[in-house]
Amino acid sequence: MVAVRLPDGSSQQLPDGASSADLAAKIGSRLAKEAVVAEVNGKIVDLTLPLSEGDTVRILTKKDSEALEVLRHSCAHLMADAILRIFPNAQLTIGPVVEDGFYYDIYLPEGKITQEDFPKIEAEMANIVKGNHPFLRCAATFDEANEHYARYRAIDGGHNKFKTEIIQDIKDRGENLTFYKHGEFIDLCRGPHVPHTGWLKNVKLTKVSGSYWRADAAREQLIRVYGTAFFTKEELDDYLKFLEEAKRRDHRVLGEQLELFMMEDVAPGFPFFLPKGAILWNTLADYMKGIVRRSGYVEVKTPLIMSEQLWHTSGHYDNYLENMFFTKLKLRDEKDPSKILDNVAEERPMAVKPMNCPGHALVFKHRLRSHRELPFRIAELGLVHRRELSGVRHGLFRVQAFTQDDAHLFCMPSQIEEEIMRLMDFFKEMYSAFGLDDFRVELSTRPAKSIGSDAVWNEAERALKMSLEARNMAYQLNPGDGAFYGPKIDFHIRDSLKRSWQCGTIQLDFSMPERFGCNYVGTDGAKHTPVMIHRACFGSVERFLGILIEHYAGAFPLWLSPIQAVVIPVSDKFLGYAESIYLKLSGAGLRTEINRKDDRLGYKIREASLQKIPYAIVVGEKEVESSTINVRSRDEGELGAMSLDAFVDGLKDWRK
RNA sequence: GCUGCUGUAGCUCAGUGGUAGAGCGCGUCCUUGGUAAGGACGAGGUCAAGGGUUCAAAUCCCUUCAGCAGCUCCA
């Protein structure tokens with residue numbers, strides 16, 4: 001008999017050689033049915049693994065996130081099996097679990113796997129699922145690895161060089177080899193797996209893409225087939241619905257439909273804001289500026305183009321060169337003006353700024369500063385340009401020119417804590433204005449390679465922690481993940497689809513003030529170097545706007561809506577009255593349009609609805625006679641007839 | 001940057017070597033309407049750009065540019 005311990009502290013006696021499955025059965029038939037894998041002494045293992053005296057055992061069911069990962073990993077095997085049946089020449093490489101599913105990287109000597117093959121593969125998978133084949137763990141010695149398993153297709157008769165390479169690595173690490181078998185399929189795998197293939201009913205292939213063996217572009221090109229899986233059909237359906245919903249909210253599509261912005265081939269990665277998008281952009285900027293002014297900042301404007309020399313001083317030239325735009329000089333040939341000399345070397349080469357901090361350091365340095373001026377807070381909606389690799393540009397999310405809601409706070413180390421707390425309040429207020437109250441915070445501390453004294457780092461990290469705690473902010477600690485020049489706090493906000501976006505950042509910097517020779521006169525009359533705090537709340541106005549478009553699905557709250565109301569005459573006869581209403585609403589400060597088209601009312605309502613305009617104001621014979629308007633709200637439906645004044649008075653939160 | 005796919009009217013897309021298409025949008029006219037699509041007619045394209053193959057190229061080949069998906073990068 002062996003005795004094992006359970007999570008609740010109790011213990012169970014089991015016969016020798018008993019497994020977690022036996023344990024589950026002993027505890028209850030329901031648990032036996034729901035058990036997926038077991039956690040034994042902190043390690044996730046198969047239910048079939050025999051237990052030893054004194055083991056601590058936790059039975060995992062579909063409620064445990066670790067169990068879902070096991071399920072998905074088993075699905076990777078299932079998919080690999082199906083693919084090998086359809087593509088007998090395929091060679092398997094690796095098939096891990098990722099955040100919302102799994103993939104398998106496959107080497108195909110010729111041909112390809114596309115989305116069109118998915119139904120076939122999925123049908124084959126469904127067949128294998130029906131077989132309820134148990135997943136069997138097989139241990140092997142290295143000598144056996146090629147011989148013993150040669151007959152199985154998974155390692156291609158022992159000629160699959162990818163698996164051979166992996167086996168060699170395992171050998172080098174001095175670990176044991178294990179294979180997992182279900183039906184006729186066998187694959188090199190650490191495990192664990194679900195009990196049998198019958199668990200893998202709710203699986204779906206999602207996409208296919210290219211990848212490389214060992215993520216090395218010099219090595220073999222592989223085909224990566226992605227899939228996802230859940231324990232229940234409902235969860236799978238919910239996930240697929242989520243994907244649909246995310247697609248429906250894609251800001252690039254809504255940007256086109258709502259005429260917010262456009263892209264042009266002549267300016268890849270540089271969005272053009274159309275009139276309605278410009279209203280959104282400006283509304284965000286105005287809102288930010290208002291809060292900045294009330295929060296003790298001074299606003300500045302610094303140049304877009306400055307000498308290359310500045311970027312040597314800041315260190316960006318050394319570390320950020322590839323992402324910077326540089327200016328080039330062109331001249332006409334003095335003798336032949338029709339000839340243009342390209343790429344002429346400038347005596348003072350210039351660079352387009354990728355960041356605002358050096359400019360702000362210069363502003364600080366403009367004159368001698370007293371400790372009485374600290375903290376000195378410099379803000380700027382600063383337009384920065386950054387070169388991006390061609391494959392990474394993405395709508396408003398990844399562009400080559402964007403506006404940071406940037407600020408730099410110059411302060412004494414003793415002021416850090418107070419400033420961080422103020423920033424937390426600032427960020428919280430900003431995010432909640434957009435209904436983004438769900439966010440999480442990460443604190444990253446000193447990395448191995450860093451500058452600055454222990455004393456300053458310790459003080460800074462202490463100050464960050466204290467401020468987070470003082471504001472009751474739960475945070476995730478990322479030890480060693482800070483910048484080389486200082487620790488930082490990152491804000492990740494969750495949108496209405498619960499997707500996480502990194503927006504705000506607060507970074508302490510012990511390097512830049514030093515590099516630029518920024519200092520202030522202390523109470524002692526001597527010069528001291530201040531600490532610099534970089535901070536951005538939206539991050540990039542453009543990207544934040546993209547996030548908002550998806551967050552609201554284009555149906556912006558009244559204060560943000562590019563067009564807040566549209567006046568719709570029932571027919572041309574009432575255009576005059578409509579004009580007068582339009583003028584009054586515009587005069588009251590409401591962004592209003594009038595629909596002058598010769599269409600039926602229903603059609604114009606539909607248009608207003610598709611454009612997600614908060615209010616449609618309908619005017620016809622009845623309204624003219626009673627001097628009223630008839631209001632239809634995007635969110636609340638028909639509100640009926642009312643006076644224009646009553647409508648305007650009843651508007652809530654239409655300015656911030 | 002890498003791999004794969006794509007680029008045809010303002011938008012979404014059909015068109016596999018032989019006269020350039022549809023729906024929506026746009027314009028004109030009819031209609032003068034009551035809360036999500038009334039009707040008729042019409043304008044609109046260097047088929048991404050450049051090169052090649054061919055009697056003939058939107059269509060086949062090459063190069064470049066751009067977009068999409070994923071990877072990688074960046075944070």
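In what follows, chains are A, B, ... by sequence order, proteins preceding strands, each numbered from 1.
Computed from coordinates, the A/F397 CZ to B/A75 P distance equals 19 Å when rounded to whole Å. Atom NZ in A/K597 sits about 12 Å away from atom P in B/U28, given to the nearest Å.
With B/U72, B/U32, B/C11 as the choices, the nucleotide that has an atom nearest any side-chain atom of A/E256 turns out to be B/C11.
Nucleotide B/G70 has B/C2 as its partner under the Watson-Crick or G-U criteria, with both atom distances under 3.5 Å. Nucleotide B/G10 has B/C24 as its partner under the Watson-Crick or G-U criteria, with both atom distances under 3.5 Å. As the counterpart of B/A43, no nucleotide is assigned, since no Watson-Crick or G-U wobble pattern has both distances under 3.5 Å. Both distances falling under 3.5 Å, in either a Watson-Crick or a G-U wobble arrangement, occur for no nucleotide opposite B/U19. Here B/G33 sits opposite no nucleotide as a Watson-Crick or G-U wobble pair (both hydrogen-bonding atom distances under 3.5 Å).
With hydrogens and angles ignored, no donor-acceptor pair closer than 3.5 Å exists between the side chain of A/D598 and the base of B/U32. In terms of polar N and O atoms assigned as donor or acceptor, the side chain of A/E623 comes within less than 3.5 Å of the base of B/G34 in a complementary pairing.
Salt bridge present: A/E380 and A/K353 bring a charged side-chain N and a carboxylate O closer than 4.0 Å. With respect to A/K241 and A/E244, no salt bridge is recorded, no charged nitrogen being found less than 4.0 Å from a carboxylate O. Remark: A/E322 does not engage A/R387 in a salt bridge, criterion side-chain N to carboxylate O under 4.0 Å.
Between A/Y615 and A/F647, the ring-plane angle classifies as perpendicular under the 30° and 60° cut-offs.
Between A/R543 and B/A75 there is no side-chain N or O to OP1 or OP2 distance below 4.0 Å.
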